[in-house]
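Single-structure report; data block below.
Quantities reported herein were computed from a predicted structural model and do not represent experimental measurements.
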Amino acid sequence: MANVSLDLMTFVEQQILPRYAAFDQAHNMEHVTRVIRRSLTLAQQLGADIDMVYVTAAYHDLGLEGPRAIHHLTSGKILAADARLKKWFSPMQIKLMKEAVEDHRASASKAPRSIYGKIVAEADRDLNPDMVIQRTIQFGMDHYPEYDKEEHWKRFIEHLDNKYSSHGYIRLWIPGSQNEQYLKQLRDLIASPEQLRQRFDQQFETYRLK
């Protein structure tokens, strides 16, 4: 996988990634695998340390084992406290990775402190409109199973407006990325409520039947 050290990859795949199986559908193994893959692509483009980027991406959401609101901070603590990483990294590298994990949160108003934070933050934002719609519906179904379809729709449009619209809180930190194009498409969709409702209905029925 993009020249990641083999023994490091074995450790992460056996000891770290399985922990994502306990999380909701929007933050499961499939999600972390996508974030890792996109992070490694960006690392190669930007000349960042491949092993550091790999670990940062692998640990970025482990804090979901605790309160979601502070999961980015908890994830950083988990990484920094994992003494096994000393086999591969210096204390300064571990500090950089901890900060990068802390800085990945989409609602952060300040730019990440290093290229590693920018990479994982960018990789964590899969703004393909279909993927955003899918993950938002999945999250709602996992966390609000008592909602009926119209309540899910209300939560869905409020979330998209608060996060992805032209006045939303999401920020991108790597200019010219694919996500810039996706965000424009997503904002155009948000501005077309009838089309957005049609896409919601299609995805909602798909996941309700699973």
Side-chain angles (χ1 to χ4, degrees), residues 1-68 70-106 108 111-128 130-132 134-135 138-139 142 172-174 176-179 182:
M1 184 182 289
N3 300 320
V4 175
S5 299
L6 184 58
D7 56 342
L8 176 62
M9 188 189 308
T10 300
F11 160 70
V12 168
E13 289 185 348
Q14 292 180 355
Q15 302 296 324
I16 303 305
L17 298 188
R19 293 163 71 169
Y20 283 82
F23 302 154
D24 63 77
Q25 292 184 74
H27 299 91
N28 59 11
M29 183 78 79
E30 183 181 351
H31 167 67
V32 71
T33 301
R34 284 197 304 267
V35 173
I36 289 172
R37 186 170 59 249
R38 288 196 296 268
S39 292
L40 293 177
T41 297
L42 288 168
Q44 291 178 312
Q45 294 171 355
L46 299 172
D49 183 286
I50 295 293
D51 286 348
M52 289 177 64
V53 168
Y54 177 67
V55 167
T56 300
Y59 280 70
H60 83 283
D61 271 346
L62 287 184
L64 289 169
E65 293 170 344
R68 178 178 171 79
I70 58 169
H71 83 276
H72 54 305
L73 301 178
T74 307
S75 297
K77 290 178 181 177
I78 291 171
L79 189 155
D82 195 337
R84 296 170 295 183
L85 293 175
K86 294 178 181 178
K87 176 180 177 181
W88 297 281
F89 303 104
S90 69
M92 180 55 69
Q93 288 175 312
I94 291 173
K95 180 176 183 291
L96 279 172
M97 292 188 293
K98 171 183 180 289
E99 291 175 349
V101 168
E102 291 173 343
D103 292 346
H104 87 272
R105 191 169 172 83
R113 287 165 280 185
S114 72
I115 188 62
Y116 298 98
K118 291 179 180 178
I119 286 172
V120 73
E122 185 73 25
D124 192 39
R125 290 147 182 66
D126 188 346
L127 300 189
N128 180 310
D130 287 333
M131 185 59 65
V132 170
Q134 173 185 318
R135 293 186 71 217
Q138 287 176 336
F139 183 90
D142 282 341
L172 300 179
W173 306 115
I174 298 179
S177 70
Q178 176 70 62
N179 273 335
Y182 283 149

Taking the six-membered ring for Trp, are the ring centroids of His71 and His104 within less than 6.0 Å of each other?
yes
Can you measure from CG (Leu79) to OG1 (Thr56) and round to the nearest 0.5 angstrom?
6.5 Å
Using salt bridge (charged side-chain N to carboxylate O under 4.0 Å, His left out), reason through Arg34 and Glu30 one step at a time and then give a plain yes or no.
CA-CA 6 Å; Arg34 284 197 304 267; Glu30 183 181 351; 3.1 Å; yes
Quick one: pull up CG in Asp82 and CD1 in Ile16 and give me the separation to the nearest 0.5 Å.
5.5 Å
Taking the side chain as every heavy atom from C-beta outward, state whether Lys86 and Ile94 have any atom pair closer than 4.5 Å.
yes
Over all heavy atoms of both residues, which pair between Ala123 and Arg38 is shortest? Give the atoms and the distance, please.
O-NH2, 2.5 Å
From Leu42 CG over to Gln44 CD, what is the distance, rounded to the nearest 0.5 angstrom?
9.5 Å
Quick one: does Tyr182's side chain have a donor or acceptor within less than 3.5 Å of a partner on Arg125's backbone?
no
Minimum heavy-atom distance between Leu96 and Ser114, given as atom pair plus value
CD2-CB, 4.2 Å
From Glu65 atom CD to Thr74 atom OG1, the distance as rounded to the nearest 0.5 Å
9.5 Å
Hey, what do you get for CE (Met97) to CE (Met92), rounding to the nearest 0.5 Å?
12.0 Å
Please check: side-chain N/O of Asp61 versus main-chain N/O of His27, any donor-acceptor pairing under 3.5 Å?
no
Go through Leu46 and Lys118 one step at a time and tell me if the side-chain contact (heavy atoms from CB on, under 4.5 Å) criterion holds.
CA-CA 11 Å; Leu46 299 172; Lys118 291 179 180 178; over 6 Å; no
Do Val4 and Val12 pass the side-chain contact (heavy atoms from CB on, under 4.5 Å) test, and can you show the C-alpha distance, the side-chain angles, and the key distance before you say yes or no?
CA-CA 11 Å; Val4 175; Val12 168; over 6 Å; no
Going from OG on Ser177 to CD on Gln45, what distance comes out if it is rounded to the nearest 0.5 angstrom?
9.5 Å
Closest contact, heavy atoms only, Met29 versus Tyr20
N-CB, 3.9 Å
Which atom pair, heavy atoms only, marks the closest approach of Asp103 to Ala121?
O-CB, 4.4 Å
If you look at every heavy atom in Ala57 and Val120, which pair is closest and at what distance?
CA-CG2, 3.9 Å
Between Val55 and Asp51, is any pair of side-chain heavy atoms under 4.5 Å apart?
no
Walk me through whether Leu127 and Gln178 qualify under side-chain contact (heavy atoms from CB on, under 4.5 Å).
CA-CA 9 Å; Leu127 300 189; Gln178 176 70 62; over 6 Å; no
Measure across Val101 and Tyr59 and return the closest heavy-atom pair with its distance rounded to 0.1 Å.
CG1-O, 4.3 Å
Distance alone, cut at 3.5 Å: any donor-acceptor contact between the side chains of His31 and Asn28?
no
Do the side chains of His72 and Asp124 get nearer than 4.5 Å, heavy atoms only?
no
